[in-house]
Chemist: 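The structure is given below, and queries will be raised subsequently.
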Amino acid sequence: MRFRCIKASAFGPLADAELEFGEGLTVIWGPNEAAKSSWHSAMYAALCGRRRGAGRTTADEDFRQRHQPWDGDRWAVSADLDLDDGRQVTISRDLASRQSDVLDVTLGRSIDDEIMHDGSPDGALWVGLDRTTFLSTACIRQADIAAVTASPGGLRHLLQQAASTLGGNVTASDALLALSRFRKDHVGQDRANAVKPLRLARESAKRAESKLDGAKQRQQEYLVLVTELELARAGVAAAERVLSDVEVAVQRGRYREQASRSLQLSELLAAMPPMSEAVVSSTELDQLERLLAQWSTLLSSSSTEHFPDIGEVQAEADALRLELDRIPDQVLGDTSVADQVSEARTALEVARSAPTDQGSPPELLGPELDVLREAHSRARLAQAPGPSDDGVMLELDAARERAKTRHKMLRAGDLARLVAGGCLAVAAALGFSGFVVAAVAMSALSLGGFSVFWWSRQLDEVPVGELEAQVRGHQQALEDHREFARAAVEFLSERGLPFNPDQIQELAEARAVADADHARLGREQELRLREIQRRETLLADALTQRGVAIGTDAGALDRALDGYLNQVTEAARIADRRRGVDVLAQRLELSVEAEQRIIKRTKSRRRIIGELRLILGASQFAELAIDANTPSSPDNDDLVVSEAEALLEAGRASRRIQVQYARISSRVDAIVDGSSIHEVLAKGESAATALGSIGDGPVADAPERDGAAQLLSEAAQAEAAMAGRLEMVDAAEVDVSSAEAALARAERELEKVHRLALVLDRTSKHLGIAEDQAFRVVAPRLAAEVSAALSTVTSGRYVEAMVDPESLSVTVTDSAGRFRDAGALSHGTTEQIYLLLRIAMARILTNPRESCPIIIDDSTVHADQRRTEALLSVLRDASVDAQIVVFTQEQHVLEWAKTNLTDRDRLVELAPVA
Amino acid sequence: MAYEEQRNGAGSPNRAHDRAQAGLSNSDEIVVHPDQMSFGDLLGAPTAITTDVADEPPPPASGGSWRVVALADLHLDTPFAWAPDAVGRLRRQDLRDALVAAVDLAAKVGADALLLAGDLYEHERLNPDTAAFLERVLNSAETPVLVSPGNHDWLAPSSVWATVKWDSHVHIFDGQQLERFEVDDGLSVWGAAHHRPAGTPGFLDDAKVSGPGVNLGLFHGSEVSGMSYESRDEAGRSKQPHAPFEAAMIPEVGLDHAVVGHFHRRREGNHHTYPGNPVALAFGEPGDGGAVVLDLGLDGRVHRNWHRVSARPMTDLSLDVTGCADASAIVSELRRESQGLTGLLRVTVTGELASGVTLVDSDLAAAVAVSVDHSVVRRKKLFVGYDLDLVGSESSVRGEFVRSVLADDQLDDDLRRDVISTGLRALEGRDDLDVAR
């Protein structure tokens, strides 16, 4: 994009003024008051316009005050532009109303929308900038150039600003530092001793949470207190009800007690018997009871036992004694056959009676089994054929024939060897003599002779001797067989046995069976005899144990057995007679005992009756039928007893009345308890009436009433204490709502700080990434752009520039390859390099498809002529790629322009504004 | 019944007659004007809510007629976490003032009863001062007071309803099923209580009501078709259903009408009335609830008239700063928009903030009209007006930064917006880097 023309209809001091530009470098020279700054601002205003948002900013107001028309005309400006895409554009602006019109001159149509920004068209958008960034990117101020040389890092800092914000005042590093500081101040660390917002907010939230917990705790305590107070109130009410009930119960109990006493008294009085005198003393009454009890016992024993006449008892005892004396004494020995004797006797009889039908083993006839086996062996061998020669004879004959043939061959070989030796000698001689053919022929013969000799020696030797020995051995064996056969015939004949081996075999088998039967029968008979002997021994042992002597002769055992059996029979008979002795002795003992009991009972009866007579005689009982003179007899005794029983009953009745009277009197005294019987009865009547009025129910006593009263007192005290505690509750401390609100506020504040920290951290992260990435892209391009022109603008002194991608520090190398910090070079060189860098930066940071014009304002005001000219040369060269406009008031710039500008360039000389 | 004896002793079986004697015509309407309070009054002086008489529609013309005042969902001791401490306290005092105003209203309109349909306070935040307040106000009421505890002021053993010594004219429904309380000859109120903070079954389930005259229900529950209309809080949570019922069940069980609490929006059903919360608890609530005067006739007619008893309105103001060139323009806009507003104001700053503008919340709060008692400022969907397409096309660090942030898919939209604004401000050399505050 290039400015072609600016028209200021009314702009500051300018009115209907026009300014044209060259395609390359345009130098606009003018003295003070020539409106250079106004033209500069008019260019900017025409290209970028003013924003159209609501309200006015300070910048807007400042712009208005500085550049509104002096004469009050319509505030308007326009620019004719040539775009790199070939379009010609006119931008017309009414700066007062902020109305703009952007016209494509070729097509004759409005293209406002193409560059609309912040409410109005902004031509800076064509070069990838806006009305804000255009100033900092496309406009190079004198102060920028001065700053390059003002400090060692000036160049780097300006480059960083340009790369960071397209020439703004802040570098990315500045922004990162500002973020860090802001975070430190507005977030801070979360450390115990930190005093910044994060820590404060966290502690505040923690305090608020603790306070809320406390408030909730106290609120719960308050609710518990309220509940407990309510319970205490209920307890008081219940205690009051209990006390009231108990008091009624106490009264009821009192009435009941009085009524009861009255009733008891009435009943006792009704039950009290009349007084009477005793018929017998208490001692005699006890004696009567004891004696009658003894009598009763005596009678009860008489009812269960038989008491015969004492004389009969004594006679029976005498008869028993006599009978006992007649019975003989018992003899010694068994009274029955001992079991072991009986068993041994039975076993022996069984053994002896065992059947013997097998009889004795039969007699064995004929040759014994061994003989028959020998005979069988000999007969079988005698009938066997003799030994075979196995063809040895024939083989011997053949061997003898081969031996003859071999002998003949050996002799022929020997002859052939002799002939061959002679032929060889002849051949040698013929050879030496020159008869070669003959020598060869003889040699061949010689060779044939030797061959025959060799062949004869190859025949195997024939074993004729060995075969002859085998033939002799066979003939001897044949003779031995014949001799054996003759001996076998003789053996069989002597024993009368048949020559057939099979018949001999049958005889041997029959003899073997007979031998086995004979042996078995012999063993069985021996066993039977042994068993009889064993059982005889057992019987003898049994008898001996029973004290029976046994002789040693035959039949002694049987005799001893018979003697023992007879002895047992006799002993049994005596024992049978003595079997009644014990019964007789027992009967005798019983008779004696009966005699003694009868005597004792008679004595007791007499004693009881006697004592009873004494008591009856001493008593005042009027109804007695006997007296002391009544004789003793069973009937009289019964009468005495009967009268004694009557006396006992009368005495008992008299004593019961006395006891009852005494008991009732005692209870009456206890009930009356000092009062009169009449008073007690009267109170009882009143109490019964009162009970009817208060109704039925439980009763209680004074301690219970005291207890109920105590309970009520305690309940009332508990209620008062609880109410007191409740009154002590501080409502402010139970203010859960305020505590909740405080916590919510604290948490919101903490959340805000967290959120701010998050935003700042993310911002710093992305800004760091962006700085790194942007510098990494810009640095090599800057280096390339500057290097391309460096040699020219430094007259070959420096040939290459390098830009550090981390800091955008610029280093140059001279023609000798030495590195130099661009900021440390001479001021002139540094300024030249800076201008190259700014122009390159404008190219890099703007739209690559649209060149960005560079506007330089009084950039040489502090430079000497030489440096100024060098700079202007750089700008002129750079204007090939992008339009450059230089505003100046320097005379030597004017002079340089007049001399050095080309047709592409333009010099504008401004006159002071009137 | 003690209450009946007291009522008979008062000798006022016909409240319409009482109203006539009190100098109130049936056509008078009573309107509460809490706006007359000043900020200074709220800070120190006792509440000075006054009531005036205006046009109150006449009660049913024929047969018996009764008038009740209903209030619900006051939520005393609400923490108002969104507000500064002093404002929260003021707001909690507003809640108390509303109850006092409702009690006064009931007396002045000659109501037969003041019906409180639950959630008068919040049990988990109950403190002795609130308990004393309720005891004093309700026990001193000139009108019979009937209370059906709700899910927040449920009938715990330590609840106010169970522990305070209520005078005979205050009746607490303590059953878990509807129980009858005869307010007057021909007017029976059937009420029940929540006995736990959640999980209470519907009171109308398996209920059957019968009796002469008008049978009026009083309970705290969720009308199921109304759940979707209830506002959600800022976290998007809707109200939880408690003791649910369907509107059609009210006549089915034999009730002529029901006064119900729980929904904070007021609702006028054919057979039920939700008074709504009389004091908005948070910004965004409609705040259309209040104390409602119900005139009930034997012929089934019900006339409702709502009365605002809130001492202080809550207003949500959205301030779009798009196009404002500087902070002064924004301040001027806010000053203009807040003219005439009173009570509590929440200013939501939204829109595109010019890149060069430094916005300070305290400046905005100071710019709010002086008639407003208190204001809070928040920023929502506020973004700085950078041309990110343009900046992002730059080859500079700034352009690279914008591209890097836009490409970071780990950032949500808000965070991305704030990061870009912060970074670009830092690159501009500005020190107001906390763009969200």
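Chain A is the first sequence line, chain B the second, and so forth, proteins listed ahead of strands; every chain is numbered from 1. Values below: all heavy atoms of this structure, side chains included; hydrogens, waters and symmetry mates excluded.
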Chemist: If you tally heavy-atom pairs under 4.5 Å against chain A, which of B/V160, B/D77, B/D129 wins?
Modeler: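 Answer, by heavy-atom pair count under 4.5 Å with chain A: B/D77.
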Chemist: Looking at every heavy atom in both A/L760 and B/T422, which two are closest together, and how far apart are they?
Modeler: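 Result for this residue pair: CD2-CG2, 3.8 Å.
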Chemist: What part of B/R425 gets closer than 4.5 Å to chain A, counting heavy atoms only: side chain, backbone, both or neither?
Modeler: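 No part of B/R425 comes within 4.5 Å of chain A.
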Chemist: Could you go through A/S737 and B/R89, starting from their C-alpha distance and side-chain angles, then the distance that decides it, and tell me whether this counts as side chain to side chain contact (heavy atoms under 4.5 Å, CB included)?
Modeler: CA-CA 9 Å; A/S737 303; B/R89 292 181 185 282; over 6 Å; no
Chemist: Rounded to the nearest 0.5 Å, how far apart are CD of B/E124 and CD of A/E740?
Modeler: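 The CD atom of B/E124 sits 7.5 Å away from the CD atom of A/E740.
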Chemist: Between B/S395 and A/I844, which heavy-atom pair has the shortest distance, and what is it?
Modeler: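 Where B/S395 meets A/I844 most closely, the heavy atoms are OG-O, 3.7 Å.
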Chemist: Does the A/R233 side chain pair with the main chain of B/T163, one donor and one acceptor, at a distance under 3.5 Å?
Modeler: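 Here the side-chain-to-backbone pair exists.
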Chemist: Between A/Q219 and B/H123, is there a donor-acceptor pair closer than 3.5 Å when you use the side chain of the first and the backbone of the second?
Modeler: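 Looks like yes, one N/O pair under 3.5 Å.
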Chemist: Taking A/R748 for the side chain and B/A81 for the main chain, is one N or O donor matched with an acceptor at less than 3.5 Å?
Modeler: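 Yes.
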Chemist: Give me the atom names and distance for the closest heavy-atom approach of B/P79 to A/A741.
Modeler: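 Reported closest heavy-atom pair: O-CB, 3.2 Å.
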Chemist: Any donor and acceptor pair, going by atom type alone, linking the side chain of A/R762 with main-chain N or O of B/L415 inside 3.5 Å?
Modeler: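 Looks like no, no N/O pair under 3.5 Å.
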Chemist: How far does OG1 of A/T133 sit from CZ of B/R398, to the nearest 0.5 angstrom?
Modeler: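 It is 6.0 Å, given to the nearest 0.5 Å.
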Chemist: Evaluate whether atom CZ of A/R181 has more than 12 neighbouring non-hydrogen atoms of other residues, nucleotides or ligands under 6.0 angstrom away.
Modeler: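 No.
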Chemist: How long is the span from the OG1 atom in A/T165 to the CD atom in B/E428, to the nearest 0.5 Å?
Modeler: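 If we round to the nearest 0.5 Å, A/T165:OG1 and B/E428:CD are 9.5 Å apart.
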Chemist: Going by side chain to side chain contact (heavy atoms under 4.5 Å, CB included), B/L390 matches just one of A/L129, A/T132, A/L125. Which one?
Modeler: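 Per the side chain to side chain contact (heavy atoms under 4.5 Å, CB included) rule, the option paired with B/L390 is A/L125, out of A/L129, A/T132, A/L125.
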Chemist: Any idea which heavy atoms bring A/T227 and B/S158 closest together, and the distance?
Modeler: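 Minimum heavy-atom contact is OG1-CB, 2.9 Å.
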Chemist: Under 4.5 Å heavy-atom distance to chain A, tell me which part of B/L411 shows up: side chain, backbone, both or neither.
Modeler: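 For B/L411, side-chain heavy atoms alone lie under 4.5 Å from chain A.
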Chemist: So what's closer than 4.5 Å to chain B heavy atoms on A/K216: side chain, backbone, both or neither?
Modeler: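 Neither part; nothing is under 4.5 Å.
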